Every structure is written in structure tokens, then in C-alpha cells.
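Report on one structure; see the data block that follows.
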Amino acid sequence: MPAIIGSLQLNNVEGGVVNFGDALNIAPKSNTKINEGSGSSNTANFIITNNALSATNAFDPDIVDQPSTANN
């Protein structure tokens, strides 16, 4: 039997699941597709990227890649 004791304040919830009470299975779903050029998603303090020529093809002939509905 779950219980919340004291006050609870949620200022911001983005892309997550907040559950109060008993739960058998919680499975959040999301889809994301990102087109990035070479060296664009590097994460570090000091980055040196030498790209002479970078071209990204964002053409996607598929209508639906992988649907998340009814995918339990």
C-alpha cells in the first residue's frame, strides 16, 4: 500500500512518467529521428573537429519507420 507523507510539488515533468499507486507494468514509449552532419553531436569540453566537406541526406522515403502505437 503506497503512501505519500508530507507535501509534494512537481514543477516540471517532460517526457517521463509520474506514477502514484500500485503498478504492474509501466512502459513509456517515444520515437525520435535526428539527421546530423559529421561532428555535430560531439560532447566534450574541448573539441577540435576537422571536416573538409560534410553533407547530410535527410530524404526519408519511408512513411512510417517503426510505429510506437500498439507495440506493447
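What you are looking at is a predicted structure, and each value in this text was computed from that prediction instead of being measured. Residue numbers run from 1 in the order of the sequence given.
- Within a 6.0 Å radius of CG in L24, other residues, nucleotides and ligands contribute 12 heavy atoms or fewer.
- A donor-acceptor contact under 3.5 angstrom links the side chains of N51 and S38, judged on distance only.
- Heavy-atom minimum distance, K33 versus D60: NZ-OD2, 2.7 Å.
- With a 6.0 Å radius and a threshold of 12 heavy atoms from other residues, nucleotides or ligands, I47 has its CD1 atom above the threshold.
- Across N35 and A58, no two heavy atoms sit closer than the pair ND2-CB, 3.4 Å.
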